[in-house]
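Below you'll find the structure, written out as structure tokens, and then a few comments.
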Amino acid sequence: MRAVPDVGANEVVESDPRSPGSRQSSPTRSRWPSLTRSRQWSLTTRKVLVAALALIALQIVVRSAVAFSGDFYWDDLILISRSGEFPALSADLLFYDHDGHFMPAAFLVAWLSTAAAPLSWTVPAVTLVVGQALASLAVLRILRLLLGTRPVLLLPLAFYLFSPLTLPSFAWWAAGLNSLPMQIALAWVAGDAIRLCRTGRARFAVSGAVVTALSLAFFEKSILVPVVAFVAVTLAYRVDGIERPIHTALNRGKSLWIPLAVVVALWAAAYLYFTDSRFVVPSASQTAGLAHHGTSLGLVPTLLGGPWSWDRWPPSPPWATPPTVLVVLGWTAVAAALVWSLRYRQRTVGVWVSMAAYVAVSEAAMILTRSGPDTAYELAQTLRYVADSAVVIAIGWALIVRAPRKRAVRPLPRPRPVLVVGLVALFIASSLWSTATFVQRWRDNPTVDYLANGRAALAANQETPLLDQPASIYVLLPVAYPHNLASRIFGPLHDRPEFGRSTDDLQVFDDSGHLIPGAVVRIRSIGQGPVPECGYRIENDMVDLPLDGPLIDWEWTAQLNYFASTDGTIEVSLNRSGDTVTVPVQAGLNQAFVRLLGAGDGIRISPVTPGLEMCIGAGPVGAVAPAPEAGS
């Protein structure tokens, strides 16, 4: 019977083959410290634990700086738009098919953040930092379970904490609401599975099932969490030399695997019901291109703290642009680690296959859901599609270190601690440089000024209604309609005017978010009218004002130049199709700008207020744009 380390303990004890790490009555000799040196080991344990917590604290400081230097971006505004439109617990909010994502918990967090402080970045930044802290602690837990609290634990921990692999998905709130809960679950549920298989305590089955369900509520990719947990247990048994590791993992963890199967089945039913498939079959060349860019130019350089530099074409997110030398060094490091582990460690092939398979599955999901004729290869270099691989790589490296040495091979000289510390410091320095260059690119975000200027402009113009309008294309492209409308983005604000279908003061947002005078760009025109010095007379009955040509079914804005006998209201519509807009009018000579939906060759006007008489003159019908003097 072979001595196997009791995962999570500071000593090594005799083990039952069916339960690696089971405690027995007396310790045995091992390659790890024994009970005879418990006092010295306890001191080492405390030092390692303090160092690990210090690294996590440093990471949180760095990631806090990243989070609070950012702001809302792209999908964040869609989350805000929907939060302002629907109640917190409505099905319309929680079960919305967001570009193929099923994420009710993420929508709920977004709603709570928006309700607490509309369009304030502070609350989202705090959610990112808290999520990162929980993920880091979960990774520390699984590493301690696999390696014990030994100095070698600091190597995979430092990789997870500082690798830029998780940086882009962290900085972007919408992506972080998906990725961070999954990272937490990957580490925590794998740890629960290990604890359950080694202790048999039901609470780990309950905890693992609950955390998995929560992570699935944030991100559909969390369906991989149970797979990673099972593989982690199986590989731990495998590297420990336990016979029939798959059977043993299934048998000892069945009180977790069965609830996880139920959770996944229920989630899958909900996912298929509420979302539509977006799988596409890409060409071979596009598949190869995305895989190359995602692996060689994306993931591999981050293993050495890269990519060091980033590029960006607003409004796209930053993507990694590593120098060629870093790509070569990254692949060299992977090859060296592979050769070392296969030569000097027993039973590590499965670990490497599992890590490669996880990355391949992540990239396949990206390729199958995001490919298309307009898909740029740089999409794969944004790293967010493989961000959770950082947790899997950290677990995989811990399993490799855990594996016993091959006895038939002459061992390499043990590296000096100063060399290990130097390599870790070099990796952290490389990662911090990549973080700093990322932040420089991430700050190049036109949404920041747009929202700040828009909030100020709306607060200063609360009395005059605004016609709804799309946001700048540098903030949200038209494909995000209707969430790109100003009424949706600024809707949650309290200090703002109403967004309506008519106004007497036409204003538009420019690309920087300032309100400037607007004008109707003529497509068709209302003629001068048959009544001298009046145009078209409106008294008691409905009147059609003919246009000088037809309008197709679209969204149009009519400029009504009128003289009214008294304050009142009228109803306005296009004469062939479309809805009717109720428009307030004021006594005297004035203008009204009315947003009309539909088609026709005339504008239909009906008085609503009894006794209201109006004269309407010539005016344009078309689209709204900045007034010429405003753009000069």
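Quick note: numbers below take in every heavy atom, side chains included, and nothing from hydrogens, waters or symmetry partners. Along the sequence shown, residues carry numbers from 1.
Minimum interatomic distance between Ala190 and Ile142 (heavy atoms only, all atoms of both residues): C-CD1, 3.8 Å. Among all heavy-atom pairs drawn from Ser362 and Lys221, the shortest one is OG-NZ, 2.9 Å. Heavy atoms only, all atoms of each residue included: Pro181 and Ser215 are closest at O-CB, 3.9 Å.
Counting non-hydrogen atoms of neighbouring residues, nucleotides and ligands closer than 6.0 angstrom, the CD1 atom of Ile246 reaches no more than 12 such neighbours. Dense packing is recorded around CZ of Arg63, with more than 12 heavy atoms of other residues, nucleotides or ligands lying under 6.0 Å away. Around CH2 of Trp267, the count of heavy atoms belonging to other residues, nucleotides or ligands within 6.0 Å exceeds 12.
One finds no salt bridge joining Arg201 and Asp192 here, because no Lys/Arg side-chain nitrogen approaches an Asp/Glu carboxylate oxygen to under 4.0 Å.
Ring-plane geometry between Trp340 and Trp397 is classed as tilted, the angle between the planes lying from 30 to 60 degrees on a 0 to 90 degree scale. Ring geometry for Phe230 versus Trp257: interplanar angle over 60°, hence perpendicular rather than tilted (30 to 60°). Using cut-offs of 30° and 60° on the angle between ring planes, the pair His98 and His101 is tilted.
Atom-to-atom distance recorded for Leu147:CG and Arg144:CZ is 11.0 Å, nearest 0.5 angstrom. With rounding to the nearest 0.5 angstrom, the OG atom of Ser371 is 7.5 Å from the CE atom of Met366.
Exactly one residue among Ile194, Val189, Thr199 makes a side-chain contact (heavy atoms from CB on, under 4.5 Å) with Phe204. That residue is Thr199.
The shortest distance between side-chain heavy atoms of Glu363 and Val386 falls below 4.5 Å. Side-chain contact between Tyr237 and Cys197 is present, with heavy atoms from C-beta onward closer than 4.5 Å. Taking 4.5 Å as the limit, every side-chain heavy atom of Pro164 sits out of range of all side-chain heavy atoms of Phe438. Using a 4.5 Å heavy-atom threshold, the side chains of Leu140 and Leu153 count as touching. Between Leu299 and Gln381 the shortest side-chain heavy-atom distance does not fall below 4.5 Å. The shortest distance between side-chain heavy atoms of Trp310 and Leu383 falls below 4.5 Å. Between Val448 and Trp121, the closest side-chain pair of non-hydrogen atoms is not below 4.5 Å. Between Thr122 and Phe68 the shortest side-chain heavy-atom distance falls below 4.5 Å.
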CA sep, side-chain torsions, deciding dist, call: Asp444, Arg312, salt bridge (charged side-chain N to carboxylate O under 4.0 Å, His left out)
CA-CA 9 Å; Asp444 183 18; Arg312 188 179 193 184; 5.5 Å; no
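Taking the ring centroids of Trp173 and Tyr73, they lie at or beyond the 6.0 Å cut-off.
Counting only distance, with no hydrogens or angles, the side chain of Thr321 and the backbone of Ser309 share a donor-acceptor pair below 3.5 Å. Of the possible donor and acceptor atoms, one in the side chain of Ser169 sits under 3.5 Å from a partner among the backbone N and O of Thr166.
A donor and an acceptor atom, one from each side chain of Ser296 and Trp331, are located under 3.5 Å apart. Between the side chains of Asp311 and Trp319, no donor N or O sits under 3.5 Å from an acceptor N or O. No hydrogens or angles considered: a donor-acceptor pair under 3.5 Å links the side chains of Trp308 and Ser430.
With Trp188 as the aromatic partner, Arg141 meets the cation-pi criteria of under 6.0 angstrom to the ring centre and within 45 degrees of the ring axis.
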